[in-house]
Amino acid sequence: MSITDRLRRLIHLAGPISVAQYMAEANAHYYATRDPLGAAGDFTTAPEISQMFGELVGLALADMWSRAGRPEACYVELGPGRGTLAADALRAMAAAGLRPAVELVETSPALRAAQAARLPGAGWHDDLSSLPTDRPLLVVANEFFDSLPVHQLVRADRGWHALAVTWSEGVFRRVPGAARPAPLPAPVGTIVETSPASVAVIRELARRLALQGGAALIVDYGPARSGAGDTLQAVSSHAFADPWSEPGERDLTAHVDFAVLCEAAAAEGVEIRGPVGQGAWLQALGIDQRASALSRAAPARCGEIEAARSRLVSPDQMGTLFKVMALIAPSWPTPEGFE
Ligand code: SAH
C-alpha cells in the first residue's frame with residue numbers, strides 16, 4: 001500500500017491526523033526508501049557541497065577536546081545522511097590526534113548502508129537512549145532538527161486550533177481541529193508551529209552532556225528568534241513542491257526554532273553559544289584560508305572550490321539562513337567560532 005493510501009485509510013478509520021503525524025509518517029517513509037542527497041537526488045547539504053565543511057567541524061571539535069584535556073570521547077552524529085560530514089570530520093580529528101568511537105543516530109536502513117560504506121567500525125542507534133553513558137560526547141547534527149515533525153496551530157475567529165490533516169475531493173487538506181490555548185496574540189489566519197519532538201531530543205542531548213561532558217554543534221536553518229508562520233516545505237529534485245501531495249516521496253522540513261531549543265537545553269544545565277550565521281562561523285574557523293590552500297594544491301579545481309566556499313558562506317545563499325548553535329557541558333571549553 002502506498003503511503004498516500006495508508007494515510008487516507010487511517011483518516012477514513014480514525015478521523016483527521018495531526019500535521020506532526022503526517023510529517024513524521026511521510027519523512028519516515030521518504031528516508032527509509034532512498035538516499036535523497038546530492039545532484040541526482042532531491043537536495044544538497046553543506047557537507048555534500050564541500051569537504052571543507054566537515055573538516056572545519058572536525059577541527060573545531062578536536063581543538064575543544066584538546067583544551068578539555070584530551071579525554072577518551074565519543075563522536076556522535078544525529079541524522080548523518082551519507083556519512084560525508086563524519087568522514088571529513090574524523091579525518092581532520094585524526095590529524096589532530098583525536099580518534100573517537102563513532103556512534104550514529106539514524107533510523108533509515110538505506111542511509112545506514114551508505115554510512116557503513118564510509119564509516120567502518122561505527123555503531124548505530126535508533127535514538128539517543130542507547131548512546132554510551134561512560135564518556136564525553138562530541139555531537140554534531142546538520143539538517144537533522146529541520147526534518148523532525150512540527151504541529152501547526154491556527155488562529156481562527158474564536159481562538160486557536162490545532163490544524164489537522166484530512167482527505168477530501170482527492171487531496172490532503174488542513175482543517176482546524178481541537179481548540180488550543182493561545183501561544184501568542186496574533187491576527188486571524190496566523191499559523192504558529194511547535195516541535196515537541198525537537199524539544200524532547202534537545203533536552204535528552206543536553207541532559208547527557210551535562211552528565212557526561214562534551215559539546216554539541218547544531219547546524220540548521222531557521223530564525224534566531226521565534227516567529228509565527230507556516231514554514232513546512234517540501235523539496236523534490238532541488239525544487240519546491242507541495243507538502244500536501246505525494247507524502248513520503250518528497251523531503252518535508254520546517255524552520256528550526258533556535259530560541260525554543262536554546263531555552264530547553266539551558267534548562268538542563270548546559271551552556272549555550274550562538275546561534276551565529278553559518279557564514280560567520282565558517283569564516284571564524286578559517287574557511288577562506290582552507291579554500292586558498294585547497295586551490296593552491298589543485299589549481300585546476302580553483303573555480304569549483306571558490307564556488308563551494310561562496311555557497312556555504314554568502315548571506316544570499318547558506319551564510320545567514322543557516323545557523324550554528326553550541327551546547328556545552330559545564331566546565332568544558334567553548335568551541336571556536338562563536339566570538
Ligand atoms: N546530516 C546529513 C543528512 C541530513 S538529512 C547531511 O547534512 O547531509 C536528515 C537526516 O536525518 C537523514 O540521515 C535522515 O535519515 C535522518 N533522520 C530523519 N529523521 C530522523 C529520526 N527521527 N531519527 C533518526 N534519524 C532521522
Side-chain angles (χ1 to χ4, degrees), residues 3 20-58 75-90 102-119 122-131 139-150 195-205 216-222 232-236 238 247-256 278 282 308 311-312 318 321-324:
I3 176 106
Q21 184 176 0
Y22 175 90
M23 186 174 175
E25 303 243 1
N27 271 350
H29 177 83
Y30 176 77
Y31 284 110
T33 49
R34 74 206 72 205
D35 171 356
L37 291 150
D42 288 330
F43 60 97
T44 301
T45 54
E48 301 297 334
I49 291 170
S50 167
Q51 70 188 74
M52 295 186 285
F53 186 81
E55 287 171 350
L56 291 169
V57 167
Y75 175 85
V76 173
E77 197 173 325
L78 311 183
R82 288 180 171 167
T84 308
L85 197 173
D88 292 335
L90 288 164
V102 177
E103 306 291 346
L104 307 172
V105 177
E106 174 63 71
T107 40
S108 158
L111 289 170
R112 279 189 181 196
Q115 292 152 20
R118 313 222 28 196
L119 305 163
W124 280 270
H125 305 265
D126 288 334
D127 55 44
L128 282 74
S129 65
S130 53
L131 290 171
V139 184
V140 179
N142 186 60
E143 291 210 51
F144 170 74
F145 284 95
D146 66 0
S147 63
L148 297 184
V150 296
S195 182
S198 299
V199 169
V201 171
I202 203 90
R203 278 209 185 121
E204 190 170 359
L205 184 57
L217 295 172
I218 312 292
V219 188
D220 231 306
Y221 83 114
L232 185 64
Q233 69 173 37
V235 166
S236 179
H238 301 271
E249 303 303 324
R250 17 187 93 163
D251 182 48
L252 296 182
T253 60
H255 279 187
V256 169
Q278 172 176 295
L282 288 171
R311 199 166 159 195
L312 292 171
M318 297 177 80
L321 177 60
F322 279 78
K323 294 179 181 63
V324 189

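Counting convention: from 1, in listed order, for ligands and their atoms alike. Predicted, not measured: the structure shown is a model, and the values here were computed from it.
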Original post:
Out of curiosity, Arg250 CZ to Asp42 CG, how far, rounded to the nearest 0.5 Å?
Top reply: 9.5 Å

Subject >> Non-hydrogen side-chain atoms of Glu143 and Val219 separated by less than 4.5 Å >> reply: no

**OP:** Specify the closest pair of heavy atoms between Pro247 and Ile3, including all atoms of both residues, with the distance to one decimal.
**Re:** O-CG2, 2.8 Å

Original post:
What is the closest protein heavy atom to atom 15 (O) of ligand 1, and at what distance does it sit?
Top reply: Glu106 OE2, 2.5 Å

Original post:
Nearest protein heavy-atom contact for atom 7 (O) of ligand 1: which residue, which atom, what distance?
Top reply: Asn142 ND2, 2.8 Å

**OP:** Verify side chain to side chain contact (heavy atoms under 4.5 Å, CB included) between Thr253 and Val235, making sure each step is shown before the conclusion.
**Re:** CA-CA 8 Å; Thr253 60; Val235 166; 5.8 Å; no

**OP:** Please test Ser129 against Glu204 for side chain to side chain contact (heavy atoms under 4.5 Å, CB included), starting from the C-alpha separation and ending with a verdict.
**Re:** CA-CA 8 Å; Ser129 65; Glu204 190 170 359; 3.9 Å; yes

Original post:
Which is it for Leu85 and ligand 1 at heavy atoms under 4.0 Å: side chain, backbone, both or neither?
Top reply: neither

Original post:
Tyr22: what forms a ring-ring contact (aromatic ring centres under 6.0 Å, His included) with it, not counting sequence neighbours?
Top reply: Phe172, Trp244

Ligand 1 atoms in contact with [X] (distance to a heavy atom under 4.0 Å):
{"X": "Leu148", "result": "22 (N)"}
{"X": "Pro47", "result": "6 (C), 7 (O), 8 (O)"}
{"X": "Gly81", "result": "2 (C), 3 (C), 13 (O)"}
{"X": "Ser108", "result": "15 (O)"}
{"X": "Glu143", "result": "4 (C), 5 (S), 9 (C)"}
{"X": "Ser147", "result": "18 (C), 19 (N)"}

**OP:** Give yes or no for whether the N/O distance cutoff of 3.5 Å, strictly under, is met between Leu111 and ligand 1.
**Re:** no

Original post:
Based purely on interatomic distance, does Thr45 place a nitrogen or oxygen under 3.5 Å from a nitrogen or oxygen of ligand 1?
Top reply: yes

**OP:** Could you walk me through whether Asn27 and Asp251 pass side chain to side chain contact (heavy atoms under 4.5 Å, CB included), step by step?
**Re:** CA-CA 7 Å; Asn27 271 350; Asp251 182 48; 4.2 Å; yes

Hey, can you pull the donor-acceptor pairs under 3.5 Å for the side chains in residues 105-112, sequence neighbours left out?
unit_1 : atom_1 : unit_2 : atom_2 : d
Glu106 : OE1    : Gln115 : NE2    : 3.0
Glu106 : OE2    : Ser108 : N      : 3.0
Ser108 : OG     : Tyr31  : O      : 2.6
Ser108 : OG     : Ala110 : N      : 3.3
Ser108 : OG     : Leu111 : N      : 3.0
Arg112 : NE     : Glu106 : O      : 2.8
Arg112 : NH2    : Glu106 : O      : 2.8
Arg112 : NH2    : His125 : O      : 3.4
Arg112 : NH2    : Asp126 : OD1    : 2.9

Original post:
For atom 11 (O) of ligand 1, which of Gly38, Ala32, Ala86, Gly79 has the closest heavy atom?
Top reply: Gly79

Original post:
Of the listed options (Tyr31, Phe53, Tyr30), which comes nearest to atom 5 (S) of ligand 1 when hydrogens are ignored and any heavy atom counts?
Top reply: Tyr31

Original post:
At a 4.0 Å cut-off, with the gap strictly under it, does some heavy atom of Asp146 reach an atom of ligand 1?
Top reply: no

**OP:** Run the contact test for Thr107 against ligand 1 with a 4.0 Å cut-off on heavy atoms, strictly below, and give the result.
**Re:** yes

**OP:** Show your working on side chain to side chain contact (heavy atoms under 4.5 Å, CB included) between Ile202 and Ile218 and close with a plain yes or no.
**Re:** CA-CA 10 Å; Ile202 203 90; Ile218 312 292; 4.2 Å; yes

Original post:
Going through the distances and angles, do Tyr221 and His255 end up as a ring pair (Phe, Tyr, Trp, His ring centres under 6.0 Å)?
Top reply: CA-CA 6 Å; Tyr221 83 114; His255 279 187; 5.0 Å; yes

